[in-house]
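Read the structure below first, then the notes.
Here the structure is a predicted model, which means the values were calculated and not measured.
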Amino acid sequence: MALLPILHYPDPKLHTVAKPVQAVDARIRTLISDMLQTMYDAEGIGLAATQVDVHERLVVIDTSEERNQPLVLVNPEITWASPERQVADEGCLSVPGIYDGVERSTSVKVRALDADGQSREISADGLLAVCIQHEMDHLMGKVFVEYLSPLKRNRIKTKMLKARRDPERV
């Protein structure tokens with residue numbers, strides 16, 4: 001297992017649309033393992049392959065308190081999203097230290113392959129539903145700050161660029 005570098009907003013590679021995973025093979029299983037280790041090390045609850053500069057449809061999530069219930073979604077598709085929506089604060093490993101409200105469906109159903117290549121359907125609500133939608137946005141090349149006003153987005157972009165130039169001053 002290896003820690004992978006996480007791309008930080010406004011890196012243009014975060015806007016790459018991910019391609020489907022062709023096969024759940026040894027390479028993908030290694031990537032899953034590395035992504036989980038990277039997510040846990042960064043104290044995140046979700047990570048999309050796009051965030052580690054691999055542009056394939058793969059997401060890892062663990063919203064458990066104990067951090068011992070990893071969920072792997074290969075080629076995920078939302079098959080249903082509730083019409084009920086809610087605004088909740090979101091953060092992102094690609095936008096460290098920034099949290100803001102984003103409106104999302106309160107429940108979703110997702111079809112995906114697991115780490116063994118088996119098809120499964122998952123019903124999620126609450127934090128897991130938010131996390132799935134957030135990570136799937138990454139696969140479409142979208143970062144959560146794009147839901148915010150242009151003013152907020154520009155302030156975040158400026159702050160992130162400043163942090164990249166001089167990490168000690170931010």
Side-chain angles (χ1 to χ4, degrees), residues 3-20 31-32 35-36 38-65 67 69-110 112 122-165 167 170:
L3 289 179
L4 304 170
I6 298 172
L7 298 175
H8 288 132
Y9 182 80
D11 191 313
K13 291 182 243 169
L14 287 169
H15 299 295
T16 304
V17 175
K19 293 178 174 28
L31 179 59
I32 290 167
M35 285 175 60
L36 284 166
T38 301
M39 177 187 73
Y40 289 134
D41 184 73
E43 299 180 9
I45 60 170
L47 187 67
T50 302
Q51 293 175 271
V52 293
D53 205 14
V54 176
H55 304 286
E56 294 181 75
R57 295 185 58 78
L58 170 61
V59 167
V60 297
I61 294 172
D62 190 342
T63 58
S64 69
E65 287 291 322
R67 313 295 286 140
Q69 296 175 31
L71 174 64
V72 174
L73 303 174
V74 179
N75 296 333
E77 294 175 58
I78 292 179
T79 58
W80 176 84
S82 68
E84 297 83 27
R85 298 176 70 80
Q86 182 175 332
V87 175
D89 268 1
E90 291 186 24
C92 181
L93 294 177
S94 290
V95 195
I98 304 294
Y99 299 88
D100 212 317
V102 176
E103 182 179 297
R104 302 217 186 249
S105 292
T106 58
S107 304
V108 294
K109 288 185 182 173
V110 181
I122 297 153
S123 294
D125 54 19
L127 179 59
L128 181 57
V130 169
C131 191
I132 287 170
Q133 292 169 82
H134 175 109
E135 299 308 331
M136 288 185 64
D137 274 354
H138 279 299
L139 301 180
M140 298 307 297
K142 189 168 188 174
V143 181
F144 90 97
V145 297
E146 292 171 52
Y147 289 100
L148 307 178
S149 71
L151 178 63
K152 280 186 176 181
R153 199 168 41 247
N154 284 333
R155 283 185 179 156
I156 292 167
K157 187 176 189 176
T158 300
K159 183 175 183 173
M160 297 301 294
L161 290 170
K162 199 177 284 187
R164 192 180 297 164
R165 284 193 306 271
V170 174

ask   = Got a sec: does the CZ of Arg67 have more than 12 other heavy atoms crowding it under 6.0 Å?
value = yes
inquiry  = Working to the nearest 0.5 angstrom, can you tell me the gap between Asp53 CG and Thr16 OG1?
reply    = 7.5 Å
request  = Please name the pair of heavy atoms, one in Gly91 and one in Phe144, separated by the smallest distance, quoted to 0.1 Å.
outcome  = C-CE2, 4.1 Å
Compile the donor-acceptor pairs under 3.5 Å between side chains in residues 131-138 and protein atoms, sequence neighbours left out, one pair per line.
from: Gln133; atom 1: OE1; to: Ser105; atom 2: N; distance (Å): 3.2
from: Gln133; atom 1: NE2; to: Ser105; atom 2: O; distance (Å): 2.9
from: Gln133; atom 1: NE2; to: Ala129; atom 2: O; distance (Å): 3.0
from: His134; atom 1: ND1; to: Glu90; atom 2: OE1; distance (Å): 2.7
from: His134; atom 1: NE2; to: His138; atom 2: NE2; distance (Å): 3.4
from: Glu135; atom 1: OE1; to: Ala48; atom 2: N; distance (Å): 3.1
from: Asp137; atom 1: OD1; to: Tyr147; atom 2: OH; distance (Å): 3.4
from: Asp137; atom 1: OD2; to: Arg104; atom 2: NH1; distance (Å): 2.9
from: Asp137; atom 1: OD2; to: Arg104; atom 2: NH2; distance (Å): 3.2
from: Asp137; atom 1: OD2; to: Tyr147; atom 2: OH; distance (Å): 2.7

inquiry  = Ignoring hydrogens, what is the shortest heavy-atom contact between Pro76 and Leu139? Give both atom names and the distance.
reply    = CG-CD1, 3.7 Å
task = Compare all side-chain heavy atoms of Leu36 with those of Asp62 and state whether any distance is below 4.5 angstrom.
result = no
query = To the nearest 0.5 Å, how far apart are NZ in Lys157 and CD1 in Ile98?
reply = 14.5 Å
inquiry  = Within this structure, what is the CD-OG1 distance for the pair Gln86 and Thr106, rounded to the nearest 0.5 Å?
reply    = 7.0 Å
query = Between Gln51 and Ser94, do the side chains contain an N or O donor and an N or O acceptor separated by less than 3.5 Å?
reply = yes
key: Minimum heavy-atom distance Glu103-Val87, with the two atoms named   = CB-CG2, 3.8 Å
query = Of the non-hydrogen atoms in Leu148 and Lys152, which two are nearest, and what is the gap between them?
reply = CB-CB, 4.1 Å
query = For the residue pair Val72 and Leu58, what are the closest heavy atoms and their distance?
reply = CG1-CD1, 4.0 Å
request  = Using the side-chain contact (heavy atoms from CB on, under 4.5 Å) rule, pick out the option among Val54, Val59, Leu47 that qualifies with Met35.
outcome  = Leu47
inquiry  = Measuring from atom OG1 of Thr50 to atom NZ of Lys13, what distance do you get when rounded to the nearest 0.5 angstrom?
reply    = 12.0 Å
query = If you count the non-hydrogen atoms of other residues, nucleotides and ligands that lie under 6.0 Å from NZ in Lys109, is the total more than 12?
reply = no
request  = Begin with the C-alpha distance, continue with both residues' side-chain angles, and end with the deciding distance and a verdict on side chain to side chain contact (heavy atoms under 4.5 Å, CB included) for Thr158 and Arg155.
outcome  = CA-CA 5 Å; Thr158 300; Arg155 283 185 179 156; 5.8 Å; no
key: For Tyr9 against Arg153, the heavy-atom pair lying closest together   = OH-CG, 3.3 Å
ask   = Yes or no on side chain to side chain contact (heavy atoms under 4.5 Å, CB included) for Thr63 and Gln69, after CA distance, side-chain angles and deciding distance?
value = CA-CA 8 Å; Thr63 58; Gln69 296 175 31; over 6 Å; no
ask   = About how many Å separate OG of Ser64 and CG of Leu71, when rounded to the nearest 0.5 Å?
value = 10.5 Å
CD-CG distance between Glu43 and Asp41, expressed to the nearest 0.5 angstrom = 8.0 Å
ask   = Do Leu14 and His8 have side-chain heavy atoms sitting under 4.5 Å apart?
value = no
